[in-house]
There are 2 protein chains.
Amino acid sequence: MEALPLSEPVLLILLSLAERPRHGYSILKNVEEMSGGRVRLSTGTLYGAIRRLLDGRWIERFKEDDSSRGRQAYRLTSQGRQILRQEVSRLKQLTRVASLCMAPKET
Amino acid sequence: MEALPLSEPVLLILLSLAERPRHGYSILKNVEEMSGGRVRLSTGTLYGAIRRLLDGRWIERFKEDDSSRGRQAYRLTSQGRQILRQEVSRLKQLTRVASLCMAPKET
DNA sequence: TCCAATATGTCGTTGTACGACATGTCGTAT
DNA sequence: ATACGACATGTCGTACAACGACATATTGGA
């Protein structure tokens, strides 16, 4: 498995799906909420990313009981969850390094 | 000031310069070291990023006492340092959210 | 019945990352 | 002397992700 620096949009999408399966629009709103309103994904970004995540088997389609509308739910695959864990741990490592670099020098 | 999700290469370059002024090749080696050998920037990535960082006044050229060779050192501007602080705090926020999302549910 | 929110998707543009290529210097071992 | 690896800086083309703009359709409420 290669070293993969996930982009912020993709990371947030995966985190959103880590909680529970969601459909596209729900991801959009949840990402906005999670980021405190800072990140508002465009649908272009969202559905492009979903396409790539499906192709890579990081997420999969998920049948909702409420499929009354054209809604399509997605959920993490176990592989996707594993990658996400990896990525989050990379991020924590990065923040540790960052804190060291920016700490006031001396003793 | 806009919301800016820094890419990993750019973030590491800035962190490298947060410690002390460096020239290009030194950044290259330091980034590799900081990331535990995981991130090895290509020179294309490095000098492309340096160009953009100079243009945006996030970094500036810095005269080294040892300018015997063609070496050109760079350092963070105060603006660059401020943005870096912002970005690191954004990253910490992100890891906090991530931990919440991936925590085992209940109570 | 109009309108906002919900919901999904495509397309073209823009910019970044990156490998490949090009060039030159310095110090050291042969 | 010279060949070689590390040091050092840069350009170019390609591939791909992000994103705004656009297109469409449904649902619930004022």
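Chain letters run A, B, ... following the sequence lines, proteins first, then strands; residues in each count from 1.
B:Leu53 places its CG atom 15 Å from the P atom of D:dT9, with the value rounded to the nearest Å. Spacing between atom CD1 of B:Ile27 and atom P of C:dA17 amounts to 14 Å, rounded to whole angstrom units. Put simply, CZ on B:Arg40 is 19 Å from P on C:dA17, counting in whole angstrom units. Distance CG (B:Leu46) to P (D:dA8): 13 Å, rounded to an integer number of Å. Across the protein-nucleic acid pair, A:Asn30 atom CG and C:dT6 atom P stand 13 Å apart, rounded to whole Å. Atom CG of B:Leu6 is separated from atom P of C:dG15 by 16 Å (rounded to the nearest Å). Between B:Gln72 atom CD and D:dC7 atom C1' there is a gap of 15 Å when expressed in whole angstrom units. Rounded to an integer number of Å, the gap from A:Arg51 CZ to C:dG9 P is 8 Å.
Contact annotation: A:Tyr25 side-chain N/O to C:dT6 OP1/OP2 distance is under 4.0 Å. Look at A:Arg52 and you'll find a side-chain N or O under 4.0 angstrom from OP1 or OP2 of D:dA18.
Atoms CG and CG, on A:Leu15 and B:Leu94 in that order, are 7.0 Å from each other to the nearest 0.5 Å.
Looking at heavy-atom distances under 4.0 Å, A:Gly24 makes contact with sugar-phosphate atoms alone, never a base.
For B:Pro9, the side-chain atoms get nearest to C:dA17 when compared with the rest of C:dA17, C:dT6, D:dT11. Comparing C:dT6, D:dC7, C:dG9 by their closest approach to the side chain of A:Lys29 singles out C:dT6. When the nucleotides C:dC18, C:dG9, C:dA17 are ranked by their closest atom to the side chain of B:Leu41, C:dC18 comes out on top. Across C:dT8, C:dA17, D:dG20, the shortest atom-to-atom separation from the side chain of A:Ser42 is found for D:dG20. Taking the side chain of A:His23 as heavy atoms from C-beta on, and the options C:dC18, D:dA17, C:dT8, the nearest nucleotide is C:dT8. When distances are taken from the side chain of B:Tyr47 to each of D:dT9, C:dT8, D:dA17, the shortest belongs to D:dT9.
Remark: the A:Arg96 side chain and the A:Gln93 side chain contain an N/O donor-acceptor pair separated by less than 3.5 Å.
Contact check on A:Arg38 versus A:Glu8 returns a salt bridge, with a Lys/Arg side-chain nitrogen under 4.0 Å from an Asp/Glu carboxylate oxygen.
Along DNA chain D, the nucleotide closest to A:Thr43 and the one closest to A:Val10 are compared, and the more 5′ of them pairs with A:Val10.
The shortest side-chain heavy-atom distance between A:His23 and A:Ser26 falls under the 4.5 Å cut-off. Taking the side chain as every heavy atom from C-beta outward, A:Glu32 and A:Val39 never approach each other to under 4.5 Å.
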